[in-house]
Amino acid sequence: MGKEVGQIVEVKGVLARAELYELFPPYIVERGKVQVAPRINSYVKTKVGLDVIICQITGEYYDENQRGKFTGYYLKLMVKGYFEGNKFIQGLRLLPMVAANIELLDADEFKDINKCSDEQVFSIGNDIFNSHQEYYLSYNSIIPSHIGIFGNTGSGKSNTLAKLLFEYSNVIRGQSNAYLLLIDVNNEYGGTAICESENKTVYQLTTRKNSINRIPIDFSQFQEDEWCLLLNATEATQRPVIKTAFKDSKTEDEYRELIVRMIKTGQHALIKSMQYHLAEYISGISEIFWHSKNEVFYVNMDDMSIYSNEEKFKRVYDQIQVNIPQTSLKKFLFKLYFATSIHIGYGTQYEFISPLLRRAEKLVNDFEKVFEDCERNIFNDTNIAVVQLANVNRDMIEIIPSILTTHLFNQQIENKDNNSVNKIINIVVDEAHNLLYEDDTDSRHSRITLEAFERAIKEGRKFGLYLWIASQRPSDISQSIISQMHNYFIHKLVNPYDLNRIRKAVAFLDENSMNALTVLGPGECVISGTGMNMPCFVKIQQLEKKYRPNSENIKLFGEGGILKRGNT
């Protein structure tokens, strides 16, 4: 039984007011036990018959009469739920009664409020207002859920994300049906961050040259609609070219005949482009030139110019050889050129299609630097894959995550057996505002990325695919993504736009919790969502230094400082 501290004096719906018997010190010691005195955001209980109602303290004040005489100390209370046996149930089935006593909670009752019924739990941290109380989260409630971690720079959101990843990585090691894909925008999760280096596969990508280890992906599985999106193909003139390329099954001799037709019909801009980009696969056309005045191709042979409309030019046609590329990427680009020629024959202007070819050439060039065209698994016999994007160009920062998300989502759909999910994949995006922003300029790549992640967060749960994001600017992230989260870990936020986005999107937070967001200290956060009975104020445990991401503030002097103290 808890210590009686006061009495209910007023009830107005879910709000109540209680008068304290006396003004208590911060801690109450009775029979050698230390209890935290009533304070804002802590809990008290009151009874209606045998039923126990739990109220949260939302305010404190003392009152005076008109003569300035002290009349009492009071608490503002809000009803949060009730106990049914040892189980806490959030809701309003019962309300307090005037004149009923209020008591402090027993230690076991505090634990029961956010008690995990599962056996498999992990410690996340301690209560901000009572450091003796520890919070535990259920793997079953947290891991298979969409999670949002938000907070200003230096508020501790990276440690919170790393803590969740660290705990989960320990239990999935060696499992064959649980995986983590971490999109690392700032290259902070290499080395021993979150787990030992041998227990994860790290892809340190760059578009300046071929990456040391490229991401394995089977480009032969790409559909024409995916290429249309990636290349931002126009509906009327460019999408038909891509569709023609996908249906193309010509032999090398048929490609050769098509080149001959290009030369005879004077498709000079296309031939010039093929001479530069397909020289590795087409021989015999490098010495062919365009005569702009006569509008005809020619070659210099036997000290004279021979034009394509002359009989002697047949010798040039006979020397043309075609070798179809073997890799999926080059084969796609190869077929795109010939599909362009076919559509020019239909009357389409080359100027309308040439931007598609330029985009395709750049995209294929970038893809070859960061992707390996093969069927190997991205996790490479580990449970964790880290994709580092700090050294890739802007287009690839957005395209790579969207491709991987779409690819893994499709795998999960294919793997779903008889309406049962037998494999779980968590896709984690740190610094998510760099990827999942709503772009007013309607950038094609940002739109593709948003579509991939919005599909994952709306439909992924049915197929065992979940999204975790961490960001310092929730106001920049798509409203659709934030509002679909199941659990939120919210650190200090002060920007009014960020606070407003959280207030609109997070239905689990009450106004009391919202008001606390601007004054939280480093490492402190409000946890709310389906994994908790009610919002909890928690000081997140800090990981051992070797497992932390490389995101800590630079220290100038002292141990670990980058500068030496000079003479003073």
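Note that the structure is predicted; figures quoted are calculated from it, not measured.
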With sequence neighbours left out, what residues match [X] under side-chain hydrogen bond (donor to acceptor under 3.5 Å, both in side chains)?
X: N159; result: none
X: N300; result: S305
X: Y179; result: none

query = Parallel, tilted or perpendicular: which describes the rings of F371 and F367, with under 30° parallel and over 60° perpendicular?
reply = perpendicular
ask   = Taking the inter-plane angle between the rings of F289 and Y298 on a 0 to 90° scale, is it parallel (under 30°), tilted (30 to 60°) or perpendicular (over 60°)?
value = tilted
message = Does any part of the side chain of N383, heavy atoms only, come nearer than 4.5 Å to the side chain of L180, both counted from C-beta?
response = no
Flag side-chain contact, heavy atom, 4.5 Å: V428 against L165 = yes
inquiry  = side-chain contact (heavy atoms from CB on, under 4.5 Å) for H343 and I353? Distances and angles first, verdict last.
reply    = CA-CA 9 Å; H343 282 265; I353 306 177; 4.1 Å; yes
ask   = With a cut-off of 6.0 Å (strictly less than), are more than 12 heavy atoms of other residues, nucleotides or ligands near CD of E295?
value = no
note = side chain to side chain contact (heavy atoms under 4.5 Å, CB included) with V370: of N393, L389, I400, only one passes, and it is I400
remark   = Partner of K335 under side chain to side chain contact (heavy atoms under 4.5 Å, CB included), picked from V241, T244, D248, is D248
key: Check: F219 ring centre within less than 6.0 Å of F332 ring centre   = no
query = For Q472 and E431, what are the C-alpha separation, side-chain angles and deciding distance, and is it a side-chain contact (heavy atoms from CB on, under 4.5 Å)?
reply = CA-CA 7 Å; Q472 58 187 273; E431 305 296 344; 3.4 Å; yes
query = Which atoms form the tightest heavy-atom contact between K157 and T153, and what is the distance?
reply = NZ-CA, 4.4 Å
inquiry  = Within 45 degrees of the ring normal and closer than 6.0 Å to the centroid, is that where the cationic atom of R455 sits relative to F409?
reply    = yes
key: I324/Y255 under side-chain contact (heavy atoms from CB on, under 4.5 Å): CA gap, chis, key distance, verdict   = CA-CA 9 Å; I324 300 175; Y255 283 126; 3.6 Å; yes
